[in-house]
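Each remark here refers to the structure printed beneath this line.
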Amino acid sequence: MTPQSGGRNRLSVEIHNPQRIGKLTKFFGEEPPLLRNFLKKLGYEKLSPKFEKEKVTMLELPYLDEERLTQLGIPMGPRTRILWEVQQLKQRGMSPTPETVSVSS
């Protein structure tokens, strides 16, 4: 899937849903692997440890800018794509949620 494949993008659904996060937290433990799933959907799952080391989750991701992603050691290509995907969610009034990071094809 390309970033501009028209219509609906599987990386977008509803605004942050605390109840859904709560259910996933009960299932997965303290921190559900939402960021890992988001990165996997983009093809960047191997970068997950860099985020996990700094305790960056899906809740913090929308607040990261290019400089902070650079500080995390994220290469330019993935950094650009991650920022673009988060920006698209923000423009639609959405944030990364369990629904937006679904890895089902």
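Annotation for Glu54 and Leu72: closest pair CG-CD2, 3.2 Å, computed over non-hydrogen atoms. When every heavy atom of Leu47 is checked against every heavy atom of Leu39, the shortest pair comes out as C-CD1, 4.3 Å. When every heavy atom of Lys90 is checked against every heavy atom of Pro62, the shortest pair comes out as NZ-O, 2.7 Å. Minimum interatomic distance between Leu34 and Met58 (heavy atoms only, all atoms of both residues): CB-CG, 3.4 Å.
The distance from the OH atom of Tyr44 to the CG atom of Leu35 is 14.0 Å, given to the nearest 0.5 Å. How far CZ of Arg79 is from CD of Glu66: 4.5 Å, rounded to the nearest 0.5 Å.
The main-chain N or O of Gly73 is found under 3.5 Å from a side-chain atom of Lys50 such that the two form a donor-acceptor pair.
For the 3.5 Å distance criterion, the side chains of Glu60 and Thr57 qualify, holding a donor opposite an acceptor.
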(message) Between Leu83 and Leu64, does the side chain to side chain contact (heavy atoms under 4.5 Å, CB included) criterion hold? Intermediate values first, please.
(response) CA-CA 8 Å; Leu83 289 170; Leu64 298 182; 5.6 Å; no

(message) Between Tyr63 and Val86, does the side chain to side chain contact (heavy atoms under 4.5 Å, CB included) criterion hold? Intermediate values first, please.
(response) CA-CA 9 Å; Tyr63 301 101; Val86 170; over 6 Å; no

(request) Would you sort out whether Glu85 and Lys41 count as a salt bridge (charged side-chain N to carboxylate O under 4.0 Å, His left out), showing the intermediate values? (result) CA-CA 11 Å; Glu85 292 291 347; Lys41 187 74 173 175; over 6 Å; no

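Put simply, the side chain of Leu42 does not reach to within 4.5 Å of the side chain of Trp84, judged on heavy atoms.
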